[in-house]
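Report on the structure given below.
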Amino acid sequence: MSSLDPFRYERMAQQHVPEVAALHEVCFEGYYLTRLGPRFLRAMYSWYVENPDAIAQVALDGSGRVAGFMAGTTRAETYHGSLFRERGGALLAALGWRAVSSPVETLRLVWQRKDLARQAVSSVTRGGSQTSTPPTGAADDGPETASLVSIAVEPSLRRSGIGRRLSELFLQKAKQRGCELVALSVREDNLAARRFYESLDWKGAGRSSFAYHGSHSITYEKSTRG
Ligand SMILES: CC(C)(COP(=O)(O)OP(=O)(O)OC[C@H]1O[C@@H](n2cnc3c(N)ncnc32)[C@H](O)[C@@H]1OP(=O)(O)O)[C@@H](O)C(=O)NCCC(=O)NCCS
């Protein structure tokens with residue numbers, strides 16, 4: 001961290017989760033996960049804090065408030081399995097709460113990702129006590145690829161280098177865990193984020209074949225070797 005950087009960066013902890021979830025709601029307004037509600041977001045980010053395969057950091061301002069965060073995993077291939085096994089009960093309970101106030105909208109959202117909903121229910125009904133599953137065979141398919149799932153900065157603090165620092169930290173942590181590559185997906189219509197990644201030399205690596213909520217997504221990749 002530069003001595004001029006007024007923010008400090010540290011591992012995301014449970015105490016940061018409410019602020020992280022609130023910042024997610026602001027920064028990803030209207031996105032699928034946001035529409036699942038604040039309880040769902042808190043359960044999800046709390047998983048990042050505890051899962052050993054996760055990488056999650058916050059940028060804190062001088063008063064200790066969360067100015068930005070990033071979260072992802074070094075095990076993209078077991079991401080949903082781990083999340084549902086370890087937090088399935090809390091995620092389903094969060095959806096239940098949401099369904100009390102907006103039953104039709106909640107059902108519609110669950111139906112849109114019924115594949116994942118089925119996986120979540122089956123993880124919970126099978127017991128959910130297993131820990132993270134080591135990947136099988138993934139290492140043989142090429143370099144270990146970490147997945148940067150979300151990165152966000154408080155709107156009034158953007159363009160001050162926080163996002164850049166968080167992205168650098170993610171690459172650094174992924175490298176320390178043995179990953180040679182980091183990949184991420186961003187909505188094609190999120191031009192600000194795409195300019196951000198491109199300015200940091202992330203390379204476009206593909207475009208989804210289907211549009212999700214009105215937009216295709218673009219995959220970017222970057223080597224952790226710099
Ligand atoms: C994308 C995001 C994290 C960038 O955070 P940030 O702290 O503003 O980024 P930085 O200040 O480190 O910017 C680094 C460089 O990226 C580029 N950049 C960042 N935002 C940009 C924008 N809106 N338009 C064009 N270029 C941009 C610039 O080159 C910038 O350098 P400069 O300010 O010296 O010109 C932030 O805009 C955000 O939270 N967006 C909403 C959430 C989101 O879409 N996340 C990404 C998808 S997961």
Side-chain angles (χ1 to χ4, degrees), residues 1-10 12 16-38 40-42 44-45 47-48 54-74 76 79-80 83 113 145-174 179 181-208 211-222 224 226:
M1 183 175 94
S2 147
S3 56
L4 297 175
D5 191 337
F7 301 96
R8 67 177 202 278
Y9 298 82
E10 58 184 61
M12 192 186 292
H16 303 130
V17 166
E19 279 184 83
V20 165
L23 188 53
H24 180 116
E25 283 191 273
V26 170
C27 295
F28 298 103
E29 195 186 348
Y31 279 46
Y32 185 81
L33 288 173
T34 306
R35 285 158 60 214
L36 293 175
F40 190 96
L41 291 173
R42 289 197 291 272
M44 186 186 77
Y45 282 109
W47 173 83
Y48 281 109
I55 297 173
Q57 297 260 323
V58 287
L60 301 174
D61 70 10
S63 328
R65 279 189 301 260
V66 173
F69 69 88
M70 55 70 164
T73 175
T74 57
Y79 172 68
H80 286 119
L83 177 63
R113 293 311 309 261
T145 302
S147 177
L148 174 54
V149 180
S150 47
I151 181 166
V153 173
E154 151 68 34
S156 65
L157 297 171
R158 288 182 190 162
R159 301 305 286 266
S160 54
I162 299 173
R164 177 196 303 267
R165 183 74 190 118
L166 287 167
S167 141
E168 285 167 1
L169 272 173
F170 192 92
L171 288 155
Q172 184 188 316
K173 305 273 170 205
C179 296
L181 207 62
V182 175
L184 61 88
S185 288
V186 61
R187 284 176 63 106
E188 190 171 33
D189 59 6
N190 188 348
L191 296 180
R194 290 177 60 195
R195 296 292 89 81
F196 166 71
Y197 292 123
E198 285 159 16
S199 80
L200 302 183
D201 220 21
W202 289 73
K203 302 291 179 215
R207 178 177 187 263
S208 65
Y212 191 60
H213 289 287
S215 175
H216 291 262
S217 63
I218 304 286
T219 303
Y220 284 91
E221 287 180 350
K222 190 165 183 187
T224 60

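Atoms within a ligand are numbered from 1 in the order they appear, just like the ligands themselves.
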In the protein, which heavy atom is nearest to [atom], and how far is it?
| atom | result |
| --- | --- |
| atom 4 (C) of ligand 1 | F196 CD1, 3.6 Å |
| atom 45 (N) of ligand 1 | I151 O, 2.9 Å |
| atom 39 (O) of ligand 1 | V153 N, 2.8 Å |
| atom 43 (C) of ligand 1 | F28 CE2, 3.6 Å |
| atom 7 (O) of ligand 1 | G163 N, 2.8 Å |
| atom 16 (O) of ligand 1 | S199 OG, 3.0 Å |
| atom 23 (N) of ligand 1 | A192 CB, 3.3 Å |
| atom 37 (O) of ligand 1 | R158 CD, 3.4 Å |

If you measure from each non-hydrogen atom of F69 to ligand 1, which part falls under 4.0 Å: side chain, backbone, both or neither?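 No part of F69 comes within reach of ligand 1.
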What pair of heavy atoms forms the shortest contact from [X] to [Y], and how long is it?
| X | Y | result |
| --- | --- | --- |
| P18 | R42 | CA-CD, 4.2 Å |
| T34 | F28 | OG1-O, 2.7 Å |
| G163 | V153 | N-CG2, 3.7 Å |

Using distance alone, determine whether [X] and ligand 1 share an N or O pair under 3.5 Å.
| X | value |
| --- | --- |
| R159 | yes |
| L157 | no |
| R164 | yes |
| R195 | no |
| S185 | no |
| C27 | no |
| G161 | yes |
| V186 | no |

I need the atoms of ligand 1 closer than 4.0 Å to a non-hydrogen atom of [X], numbered in the order shown.
| X | result |
| --- | --- |
| N190 | 43 (C), 44 (O) |
| S160 | 11 (O) |
| A193 | 44 (O), 46 (C) |
| Y197 | 46 (C), 47 (C), 48 (S) |

Distance under 6.0 Å and angle within 45° of the ring axis: does R158 meet both against F196? no
Whether R165 engages the ring of Y9 as a cation-pi pair (distance to the six-membered ring centre under 6.0 angstrom, angle to the ring normal within 45°) should be assessed.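 Cation-pi check for R165 and Y9: passes.
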Find the distance between CG (L191) and CD (E198) and round it off to the nearest 0.5 Å. 9.0 Å
Pairwise distance CZ(R194) to CD1(I218) - rounded to 0.5 angstrom: 4.5 Å
Answer yes or no: is there a side-chain heavy-atom contact under 4.5 Å between [X] and [Y]?
| X | Y | result |
| --- | --- | --- |
| Y220 | L200 | no |
| N190 | Y197 | no |
| Y48 | V20 | no |

Going through the distances and angles, do V66 and L60 end up as a side chain to side chain contact (heavy atoms under 4.5 Å, CB included)? CA-CA 5 Å; V66 173; L60 301 174; 3.8 Å; yes
Do the ring centers of F69 and H16 come within less than 6.0 Å of each other?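 Between H16 and F69, which both carry aromatic rings, the centre distance is not below 6.0 Å.
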Quick test of your reading of the model: are R207 and E188 salt-bridged, counting only N-O distances below 4.0 Å?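 Looking at R207 and E188, the cut-off is met.
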